[in-house]
2 protein chains.
Amino acid sequence: MKVTIKDVAKKANVSPSTVSRVIANNPRISDKTKEKVHKTLKELHYRPNVIARSLVSNKTNILGLIIPNSNENLFKNPFFIDVLRGISIYAQKHGYHIMYTYSKNEKEEKEYIQEYIYSNLVDGIILLTALENDPIIKHLKKEDFPFAVIGRPENTDSILWVDNDNFKAMYELVNHLIAQGHKDIAFIGGPSEFMFSKDRLKGYKMALSAKGYIVNDDKIIHESGFDVNSGYRACKKIFKNFSPTAIVTTDDLLAFGANKFLKEENIKEVEITGFNNVPTYEFQSHSITSIDIDSEGLGYSVAKLLIAKLNNQEMINNHIIVETKLIDRTSK
Amino acid sequence: MKVTIKDVAKKANVSPSTVSRVIANNPRISDKTKEKVHKTLKELHYRPNVIARSLVSNKTNILGLIIPNSNENLFKNPFFIDVLRGISIYAQKHGYHIMYTYSKNEKEEKEYIQEYIYSNLVDGIILLTALENDPIIKHLKKEDFPFAVIGRPENTDSILWVDNDNFKAMYELVNHLIAQGHKDIAFIGGPSEFMFSKDRLKGYKMALSAKGYIVNDDKIIHESGFDVNSGYRACKKIFKNFSPTAIVTTDDLLAFGANKFLKEENIKEVEITGFNNVPTYEFQSHSITSIDIDSEGLGYSVAKLLIAKLNNQEMINNHIIVETKLIDRTSK
DNA sequence: CTGAAAGCGCTTACAG
DNA sequence: CTGAAAGCGCTTACAG
């Protein structure tokens, strides 16, 4: 049988209120009764019923995660599991639990959010991605419910977010290639509505124009997915008209796809770079230069921001930038 | 403001009890009041407070997932994300939510389980792996709390589990190799305390002896992890004394590591096989034969079993075998 | 068919 | 410093 506060009270010869106060470490309880109650608490292996507690406190200490199960394959991407771990590790340390829900589309996403909010299930929501003009972010803002986003939102007003500096990471990467002598660099991206897609593209453009190179929009290809096939298709399109010496992509899987095309066509000496530093089991032919985004750090930080807010902690910043790292595997 | 059953009752001019009964679709309510109440329910956008409901029903409709965050790297393995998805998809369809917790070791694992159980947070627990003489399974059995396991437990008495037929999958794979003319086949496994490790090893041994080959224990290597480095080390050990024509492994990452060693040593024409059919971005040098285990199906099925039990459904079987598929990429 | 009452296991203002 | 009481938002046996 589960033991309740009443059982403890009876055994310790005090009232339930007193037991509750001892548990809450209320300062007005005498050391003597504190000790006595603590003893029976131990003896009976008492554990508070969090559901009852939630009902009165109106807090569940649960964070809800909305995972888009879309066809862009983004969340089959290996980095994602590290995000989950990062979130959980911070949350557990601070007494929060994590709940997750897959949703197939925007409609379902909104539905689950309503459910999370109005059934009183969660105290806050974590979003795993930010789109341009993001309908979910708007919705959450309108509902005025605590949430935090992985990815810099378009309009950052009063919203909590965590991200890499995608602009800077791509900017530096392109600079790195230029320093190696590359003058003709193409760009392959996934769906452009993701904010990180936009930021990486900006970094690419800016790096080129800062050195006086002309940005040729025909060398910029966006595909509908973040997968190997999309990379393959994009690379094919580029080489129909051009022969760049390097291609930057916004995701390792795109890079792998591009590589596949080059290999099939027996095109050599083109440098391909990716993003996310996905494990490629390096025994295989060759690995690519990539940007390590510290997925676990992203998860950890987003949980940190949201929990700080839920505890009404003073925050200096409404966002955290997680450092990236250029993993150089260029052939030179 | 959140709207409660009282608000609805007042507006619809009935008692709270009646509103509750309408929501529960109690047959003794007249169609007329049913209609009336449903209308105001809609108008006020009423959503039940699941916490309050849980307090009286003593059910939360939440399933708890314990994820070992051990150093064997097993749960950084890509197949794992598909398991999560499978669990969630079935659960959501049936009105359950999923909560997950990482735990560093057995002690933490037990702690979190106690918390899940005695704080009344979850209705059932899902375990992602079964060990030989598994202390967590024992513990859960002793607590007599509903749970289900991915992986066949050593003692299946009255416990719910889901698994591939690991014995059969490996048995058939080795047979397949033998049919291709291989006579000298070595074995590389990860930690042997996992039940699937044992089953796969048995399949290997049985396939050999069924054909009259002698099983040589020196050609069976177990390493402490399921990662590339472990595979590399194991392969090195094997080739110190032998030169098998094929090596079967219990995980693709082990296979990749073995492959790496062979490549470095310039050893050709050794067939390596894996398990899990991890994506290798096939543009790379060559892909390996592997067993697809249908990770999503494993997750889906384990949720199915556990939820059936929680709803006291009649069960014909206390387990589900998820079909595997040999993905043949052998060079012949 | 419907309502008033009790209760799920806690917390907390009120009173002493 | 401690207890009795009310209340969080539901469900459900009891009564009519």
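Every chain is numbered from 1 and lettered A, B, ... according to where its sequence line falls, protein lines coming before strand lines.
The backbone N or O of B:Val50 sits less than 3.5 Å from a side-chain atom of B:Ser54, completing a donor-acceptor pair. When atom types are taken as modelled, the side chain of B:Glu154 and the backbone of B:Asp134 share no donor-acceptor pair closer than 3.5 angstrom.
Atom CG in B:Asn26 sits about 10 Å away from atom P in C:dT2, given to the nearest Å. Here D:dC10 presents its P atom at 12 Å from CG of B:Leu55, a figure rounded to the nearest Å. With rounding to whole Å, A:Ile51 atom CD1 is found 13 Å from D:dC10 atom C1'. As a whole-Å value, the separation of B:Lys6 NZ from D:dC8 C1' is 9 Å. Atom pair B:Lys2:NZ and D:dC10:C1' shows a separation of 15 Å (rounding to whole Å applied). If you measure from atom CG of A:Asn58 to atom C1' of D:dG9, you get 10 Å, rounded to the nearest angstrom. Between B:Lys36 atom NZ and C:dC1 atom C1' there is a gap of 12 Å when expressed in whole angstrom units. B:Lys34 has its NZ atom 9 Å from the P atom of C:dC1, to the nearest Å.
B:Gln92 and A:Tyr112 are linked by a side-chain donor-acceptor pair at a separation below 3.5 angstrom, with hydrogens and angles left out of the test. Side chain to side chain, B:Ser119 and B:Glu115 fail the donor-acceptor criterion of an N or O pair below 3.5 Å. With no hydrogens or angles considered, no side-chain donor-acceptor pair links A:Asn13 and A:Lys36 at under 3.5 Å.
For C:dC8, the OP1/OP2 oxygens have no side-chain nitrogen or oxygen of A:Thr4 closer than 4.0 Å.
A salt bridge is absent between B:Lys10 and B:Asp7; no separation between the charged side-chain nitrogens and carboxylate oxygens falls under 4.0 Å. Here B:Glu35 does not pair with B:Lys39 in a salt bridge; the nearest charged N to carboxylate O distance is not below 4.0 Å. One finds no salt bridge joining B:Glu109 and B:Lys104 here, because no Lys/Arg side-chain nitrogen approaches an Asp/Glu carboxylate oxygen to under 4.0 Å.
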- Message: I'd like to compare against my own output: the B/S/- annotation of nucleotides 11-16 of chain C with a strict under-4.0 Å heavy-atom distance to protein.
- Response: BBBB--
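Comparing B:Ser30 and A:Asn49 by the nucleotide of DNA chain C whose heavy atom lies nearest to each, the residue mapping closer to the 5' end is B:Ser30.
Counting only Watson-Crick and G-U wobble pairs whose two distances sit under 3.5 Å, DNA chain D takes part in these stems of three or more pairs: C:1-3 with D:14-16, C:5-12 with D:5-12, C:14-16 with D:1-3.
Here B:Lys309 pairs with nothing under the side chain to side chain donor-acceptor pair (under 3.5 Å) rule; sequence neighbours left out.
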